[in-house]
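Residue numbers start from 1 in every chain, and the chains themselves are labelled A, B, ... in the order their sequence lines are given, proteins ahead of strands.
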Amino acid sequence: MAQQEPSYWLMKSEPNAYSIDDLKKEGTTLWDGIRNYQARNFMRSMKIGDKAFFYHSNCKPPGIIGLMKVIDIGLVDPTQFNPNEKYYDPKSKQENPRWDCAKMSYLGQFAQILSLEELRLNYKENELQLLRKGNRLSIMPIKKDIAIDIINKLGDFQ
DNA sequence: GCCAACGTTGGC
DNA sequence: GCCAACGTTGGC
């Protein structure tokens, strides 16, 4: 049985909240706190072995900064049951959790950020969902050829 | 800090 | 099920 081909994703995080440096230090992280159904559904369709670009958002400049690998999927997001948590969801039931997440591991940081501005220069809106007007999704798929192109463009990891 | 573009909530 | 009001995201 041939192994399924990995898919590629883009995952946003505000560096003040959780940055590529944090992931580099920790090695792995649970991508919790997702409270948007579309983003959750994308995360649900991830497979172990998929790769994801780490995108720094709400900072200067915003852009792709590193690469991660999916190492586990379908994990219950523990933050939804903790009333002291920012991401507490009182409507989520223990027997039927509303929010789940993937576990990611650090693969590398690129030598320089590939900024949103450069992404706009290099790709079209229909090639990269990130570039579409009004896009606010924090997790989205990336077409394989675009993903490969981005990796080639950025070259070696730091 | 502004605000456009979304997503969610809840009254009806 | 509609939709106004509200909350959030995230670039600028």
Contact nearer the 5' end of DNA chain B, comparing A:Lys133 with A:Arg35: A:Lys133
Presence of salt bridge, [Y] and [X], under 4.0 angstrom:
{"X": "A:Lys144", "Y": "A:Glu5", "value": "yes"}
{"X": "A:Lys69", "Y": "A:Asp50", "value": "no"}
{"X": "A:Asp100", "Y": "A:Arg44", "value": "yes"}

Note: A:Arg136 and A:Lys12 closest approach over all heavy atoms is C-NZ, 3.9 Å
Strictly under 6.0 Å, is that where the ring centroids of A:Trp99 and A:Tyr37 end up? yes
In the 5'-to-3' direction, what one-character label does each nucleotide of nucleotides 4-12 of chain C receive under the scheme B = base within less than 4.0 Å of a protein heavy atom, S = sugar-phosphate only, - = no such atom? ---BBBBBS
